[in-house]
Amino acid sequence: MIEDLPRCDVVVIGGGISGLVATTALTRSGLAVRCHEARGRVGGRAHTVAHALGPIDLGATWFWPNEPNVLALARELGLGGFRQEAVGDALLHRQGTAPVRAGGTGGAPSLRFPRGAQSLAAALADRLPHGALHLADPVRAVESLDDGTIVVTADSGTQAARSAIIAVTPALAVEAIEFTPPLPGPTAQVALETAVWMGGTVKAVAVFDEPFWRQRGLSGTAFSSEGPFREFHDMSGPGGSPAALLAFAASDAFVRSDDLETAFRSQLTRLFGPQAGKPVSVLTADWSRDERTSPAAPSPYASTATYGHPVFQNGFAGGRVQWASTETATDYAGHIEGAIRAGSRAAKDIVRLLSPQEVQSTNATTVPIREGGHSRASHPTA
Ligand SMILES: Cc1cc2nc3c(=O)[nH]c(=O)nc-3n(C[C@H](O)[C@H](O)[C@H](O)COP(=O)(O)OP(=O)(O)OC[C@H]3O[C@@H](n4cnc5c(N)ncnc54)[C@H](O)[C@@H]3O)c2cc1C
């Protein structure tokens with residue numbers, strides 16, 4: 001019986017940055033919120049691992065000076081930031097030729113989180129009211145009843161809510177969550193064809209004792225048309241510690257995971273010399289195989305053209321279910337900045353629906369959406 005189910009105002013599905021921003025804003029508006037995160041950790045694609053030499057980002061790495069909401073949130077949460085070192089020459093490696101110095105650093109000025117990008121999610125989670133966050137508790141089904149009740153089934157059980165937010169990548173949500181009634185046809189189609197930002201990417205990181213490339217006047221940036229890794233960057237921590245180089249490749253460039261590490265080491269050696277082939281350790285993440293990020297069967301038509309599509313702005317079930325992952329943002333989609341904007345917008349629309357008198361206070365307490373800058377994630381791959 002529906003009346004016997006536990007009740008709350010809003011269920012947020014996903015504890016990545018967008019879901020945590022939404023949960024924060026909704027709880028600050030006085031609504032009772034449960035945020036369900038499938039993994040045993042928060043942060044989603046903001047994933048920092050503890051290495052003996054310091055934190056290493058296997059997902060998001062940078063933010064930029066023209067991303068006002070990331071800057072404001074980092075400041076509010078006391079996370080700090082440091083400038084990505086960008087001194088020295090970039091390298092160009094054209095197929096069949098030796099790598100050459102290209103001059104310039106090859107990178108736009110960027111900023112980093114001293115404790116890694118996941119620290120943003122962890123700090124948001126730490127400030128949530130007790131009992132709001134449910135880890136290792138994936139949502140399996142969302143049912144919209146005629147009376148407006150939203151029934152959400154997670155592994156821990158079923159509950160009734162007045163509203164819900166899907167803060168999961170849209171294509172994965174369609175694949176992994178059973179919607180009753182089924183999602184409106186155009187919404188399901190758009191969601192399925194919305195590419196997961198960086199969802200087809202392998203990120204590899206080599207950790208070193210010191211950033212030796214800097215002594216040779218190299219920035220750590222390299223572009224390779226030979227592949228399989230196409231783009232390399234310095235990912236060292238503040239003051240060069242931990243010293244690290246990262247690289248991106250398309251995940252379909254590899255057949256097996258051992259191909260991946262061997263290819264990474266040998267490209268590092270070709271580009272940066274023998275010392276680069278002997279890192280302290282190598283860490284890799286293939287985001288195409290991450291079942292909480294990318295659908296098992298991505299659409300062959302998946303593209304970024306549907307980022308911020310109107311179907312994601314209005315939600316469904318009379319606006320009671322809203323979308324909030326970075327891909328749904330109308331600006332900066334793909335980036336952390338987009339995730340913050342999407343989570344804030346979804347929360348604001350739900351507060352407007354459930355308790356219009358609260359909208360004024362939500363405007364004051366949600367992470368404000370600050371305008372400025374550009375309208376699409378700007379970094380070539382991240
Ligand atoms: C390799 C890589 C590099 C990147 N580099 C940068 C960068 O340098 N700068 C930048 O700004 N951005 C970068 N990004 C993008 C950035 O990570 C994302 O924009 C941001 O983290 C997205 O947050 P989100 O909340 O929208 O989605 P996600 O982080 O994907 O969060 C979705 C959450 O939903 C959870 N979930 C999934 N299914 C369920 C379910 N059924 N029930 C409950 N929970 C579920 C997931 O576990 C996840 O925690 C990068 C991403 C990757 C992968």
Side-chain angles (χ1 to χ4, degrees), residues 11-23 34-48 57-64 67 69-70 84 107-108 110-113 116-118 120-121 124-125 133-142 152-156 164-178 196-205 231 233 235 246-249 251 284-288 290-295 307 312 323-329 332-343 346 377-382:
V11 175
V12 176
I13 307 169
I17 289 169
S18 66
L20 293 169
V21 163
T23 305
R34 285 172 68 99
C35 175
H36 285 263
E37 166 53 49
R39 303 179 221 240
R41 64 166 180 87
V42 293
R45 281 170 280 176
H47 181 33
T48 309
D57 276 317
L58 288 180
T61 310
W62 302 286
F63 57 105
W64 286 271
E67 298 185 327
N69 290 279
V70 190
Q84 171 72 58
S110 57
L111 300 161
R112 300 265 305 283
F113 297 99
Q118 198 178 335
L120 181 60
L124 285 167
L133 180 63
H134 299 261
L135 294 176
D137 198 6
V139 166
R140 308 284 180 190
V142 174
V152 179
T153 301
D155 277 9
S156 61
I165 291 179
I166 305 164
V168 171
T169 54
L172 179 64
V174 174
E175 188 184 80
I177 299 175
E178 187 185 340
V196 173
W197 181 258
M198 298 297 275
T201 304
V202 167
K203 179 173 175 178
V205 181
E231 196 177 322
H233 296 280
M235 203 187 77
L246 74 78
F248 294 121
S251 45
T284 59
D286 181 348
W287 287 92
S288 73
D290 186 300
E291 60 171 5
R292 300 301 181 193
T293 300
S294 298
Y307 281 10
F312 297 134
W323 298 90
S325 81
T326 188
E327 287 81 5
T328 70
Y332 300 82
H335 276 190
I336 293 170
E337 175 75 13
I340 297 172
R341 287 171 181 245
S378 65
H379 194 272
T381 43

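All of these numbers come straight from a predicted model, not from anything done at the bench. Numbering of ligands and ligand atoms starts at 1, following listing order.
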Which of the atoms in ligand 1, numbered in the order shown and given with their element, are less than 4.0 Å from a heavy-atom of [X]?
X    : value
S325 : 26 (O)
I13  : 42 (N), 43 (C)
M198 : 1 (C), 2 (C), 3 (C), 50 (C), 51 (C), 52 (C), 53 (C)
G44  : 29 (O), 48 (C), 49 (O)
V168 : 34 (O), 36 (N), 37 (C), 38 (N), 39 (C), 45 (C)

Should L58 be counted as touching ligand 1, given the test is an N or O pair under 3.5 Å? no

Quick check: T169 and ligand 1, any N/O pair under 3.5 Å apart? no

So, does [X] sit close enough to ligand 1 that a heavy atom of it is under 4.0 Å from the ligand?
X    : value
W64  : yes
W287 : yes
A176 : no
T201 : no
G43  : yes
G338 : no

Can you confirm whether or not the ring centre of F312 sits under 6.0 Å from the ring centre of Y307? no

Residue set satisfying side chain to side chain donor-acceptor pair (under 3.5 Å) with R39, at least two apart, ordered chain then number -> D290, T293

For R45, what residues pass the salt bridge (charged side-chain N to carboxylate O under 4.0 Å, His left out) criterion, not counting sequence neighbours? E327

